[in-house]
Amino acid sequence: MKEKIESIVSQLKNELEKDLNLVDLEALRVSYLGKNGKLTELMPLIKTLPNDEKPQFGKWINEAKAEMESLIAHKKNVLLTQQMNEKLANESIDVSLPGMNFKKGSLHPLTLVTNDLEDYFVGQGYKVAEGPELELDYYNFEMMNLGVNHPAREMHDSFYVTSNTLLRTHTSPIQARYMEKSKGDPIAIIAPGKTYRRDPDDRTHSHQFMQCEGLVIDKNISFANLKDTLLSLAKHLFGPERTIRLRPSYFPFTEPSVEVDVSYVDSDGNIGWIEVLGAGMVHPNVLQMGGYDPKIYSGFAFGIGIERIAILKYKIDDIRQFYTNDLRFLNQFKGVL
Ligand code: DAH
């Protein structure tokens, strides 16, 4: 019996020597180990053996089966590797072919300015805050000291969505939201974001634009702190030779309020001034509504027009360029960081 089994194993070994493909190999497996395979066919013989020989027979069969399975598996591996090598040889890459042209985008100039402002202020210990673009009248106006019939609301001719929600007209409501959240703790934040006003679009106006709000509240914050902050910012944005000029102005949420101009030298060598932002000392009403006692706390705030900064920095002649997705415009900012 043992010889019979051994001869089946050696038959298989001979077969495996031949030139086979994967299909032949599977057929071979079935013909030896399948339901009606050569080895399987021997199994019923166990019944014909005397009881004391049965375990030995079972052992031989199992050993033979294991050996045959491993021979077949080994051959299969060899064939698969061969197949893969042939495939690789046939599919070798032609490195002289032109590569695929992946179009690479670039950061939008408004994103460049926003990133720069964030880097700059975060470096000075400020946090970056956010607020919703669809804002409540309550935060957009009331908490910023613009009561229901305040005439300055007119400057913010607005997109109302319901009677008490609107697309925010400035980033200032983030001041109120952050004060509420801070529960009397000192604050130093900037808050960049999109803003909306019902303005007809032209070279210098857009119904959608971006601002970056700033708010600092602590004990003993003075106007000198504000001026120093703005001067350093102007130098960072436009160069160390620049200076600033503050003009008295009016905003309901600051008192005193200023408009800030940055100096430039024109082609004839004359000094000119360009307005870049509004700022001021936080109005006591705003502090009070935000949960800060104006007798103990003071603060300054500013609102930067991001498009204005980008227009000056990159010498852009029309604010609409930012929003029309013209690749000839956008591609000029490739590689600018
Ligand atoms: N919110 C003002 C605007 O949109 C800009 C502004 C001015 C913001 C003075 C401020 C500020 O925080 O102090 O016109």
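Remember, it's 1-based here, ligands and their atoms both numbered in the order they're listed. Both backbone and side-chain heavy atoms feed into the values below; hydrogens, waters and symmetry mates do not.
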Yes or no on ring-ring contact (aromatic ring centres under 6.0 Å, His included) for His170 and Phe253, after CA distance, side-chain angles and deciding distance? CA-CA 12 Å; His170 50 177; Phe253 29 89; 5.5 Å; yes
Using salt bridge (Lys or Arg N to Asp or Glu O under 4.0 Å), reason through Glu17 and Lys13 one step at a time and then give a plain yes or no. CA-CA 7 Å; Glu17 297 285 307; Lys13 281 184 184 161; over 6 Å; no
Can you list the steps and then say if Leu39 with Tyr32 is a side chain to side chain contact (heavy atoms under 4.5 Å, CB included)? CA-CA 6 Å; Leu39 188 73; Tyr32 281 82; 5.5 Å; no
For salt bridge (Lys or Arg N to Asp or Glu O under 4.0 Å), just list the numbers for Arg168 and Glu213, CA-CA rounded to whole Å, side-chain angles, deciding distance to a tenth of an Å, and then say yes or no. CA-CA 13 Å; Arg168 68 180 173 202; Glu213 197 75 13; over 6 Å; no
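Not a single heavy atom of Met155 sits closer than 4.0 Å to an atom of ligand 1.
Which parts of ligand 1 touch Gln175 is read off a 4.0 Å heavy-atom cut-off, strictly below it: atoms 12 (O). Per-residue contacts place Gly280 under 4.0 angstrom from the following atoms of ligand 1 (heavy atoms of the residue considered): 13 (O). Those atoms of ligand 1 that come under 4.0 Å of a heavy atom in Phe251, given as number and element, are 7 (C), 9 (C). Of all the atoms in ligand 1, the ones that sit under 4.0 Å from a non-hydrogen atom of Gln211 are 3 (C), 4 (O). The distance from ligand 1 to the heavy atoms of Thr254 drops below 4.0 Å at these ligand atoms: 13 (O). Counting the atoms of ligand 1 from 1 in the order shown, those under 4.0 Å from a heavy atom of Ser172 are 1 (N), 8 (C).
Salt bridge status for Lys75 with Asp24: absent, with no side-chain N to carboxylate O gap under 4.0 Å.
One finds the CG atom of Leu110 at 12.0 Å from the CZ atom of Phe209 (value rounded to the nearest 0.5 Å).
Ring-plane geometry between Phe322 and His108 is classed as tilted, the angle between the planes lying from 30 to 60 degrees on a 0 to 90 degree scale.
Around atom 14 (O) of ligand 1, the closest heavy atom drawn from Arg197, His170, Glu213 belongs to Arg197.
On a distance-only criterion, His156 and ligand 1 share no N/O pair closer than 3.5 Å.
Checked against the 6.0 Å centroid threshold, Phe302 and Phe121 count as a close aromatic pair.
When only non-hydrogen protein atoms are considered, atom 5 (C) of ligand 1 lies nearest to Gly303 CA, 4.1 Å. Among protein heavy atoms, the minimum distance from atom 2 (C) of ligand 1 is reached at Phe253 CZ, 3.7 Å.
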